[in-house]
Engineer: 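Below are the structure tokens for one structure; questions will follow.
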Amino acid sequence: MLKWALIFLVISLISGFLGFSGISQATAGIAKILFFLFLVVFVILVVFAFAVGSAVF
């Protein structure tokens, strides 16, 4: 998921540099959504890892 966010970020930067502002804004929005989705999943997995780790010991 983070890989796709970075890909959309690069597409956004390139299209912004070339003057395609509509495409740049759309891909930047997609990159933001994917990045925050990645952060939410990461935090949930870290919480589960600590919960399971403490239950084993």
Side-chain angles (χ1 to χ4, degrees):
M1 197 174 328
L2 185 59
K3 178 181 171 182
W4 283 104
L6 291 173
I7 289 171
F8 277 107
L9 177 66
V10 169
I11 292 171
S12 175
L13 291 173
I14 292 171
S15 61
F17 179 73
L18 295 175
F20 300 110
S21 61
I23 295 172
S24 179
Q25 289 175 354
T27 54
I30 294 171
K32 283 182 188 177
I33 291 169
L34 288 174
F35 180 72
F36 286 120
L37 189 62
F38 166 78
L39 283 180
V40 168
V41 170
F42 176 74
V43 169
I44 290 171
L45 289 176
V46 167
V47 168
F48 282 151
F50 281 124
V52 170
S54 63
V56 172
F57 296 109

Engineer: According to side-chain hydrogen bond (donor to acceptor under 3.5 Å, both in side chains), who are the partners of T27, at least two apart in sequence or on a separate chain?
Structural biologist: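 So T27 forms no side-chain hydrogen bond (donor to acceptor under 3.5 Å, both in side chains) with any residue.
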
Engineer: Rounded at 0.5 Å granularity, tell me how far CG in L37 sits from CD1 in I33.
Structural biologist: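 Here the interatomic distance stands at 9.0 Å.
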
Engineer: Side chains of residues 7-15: which donor-acceptor pairs under 3.5 Å do they make with residues two or more places apart or in other chains?
Structural biologist:
| residue | atom | partner | partner atom | Å |
| --- | --- | --- | --- | --- |
| S12 | OG | S24 | O | 2.9 |
| S12 | OG | S24 | OG | 3.3 |
| S15 | OG | I11 | O | 3.0 |
| S15 | OG | S12 | O | 3.1 |
| S15 | OG | S24 | N | 3.4 |

Engineer: Taking a hydrophobic cluster as the set of Ile, Leu, Val, Met, Phe, Trp and Tyr residues connected by side-chain heavy atoms closer than 4.5 Å, whether directly or through intermediates, do I30 and F17 fall within one such cluster?
Structural biologist: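 Different clusters.
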
Engineer: Got a sec, which hydrophobics cluster with V40, joining ILVMFWY side chains under 4.5 Å apart, including via others?
Structural biologist: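 Once heavy-atom contacts under 4.5 Å are chained together, V40 belongs with I44, F48.
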
Engineer: Applying side chain to side chain contact (heavy atoms under 4.5 Å, CB included), can you list everything that pairs with L39, at least two apart in sequence or on another chain?
Structural biologist: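 Counting only residues at least two positions away or on another chain, L39 forms a side chain to side chain contact (heavy atoms under 4.5 Å, CB included) with F35, F36.
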
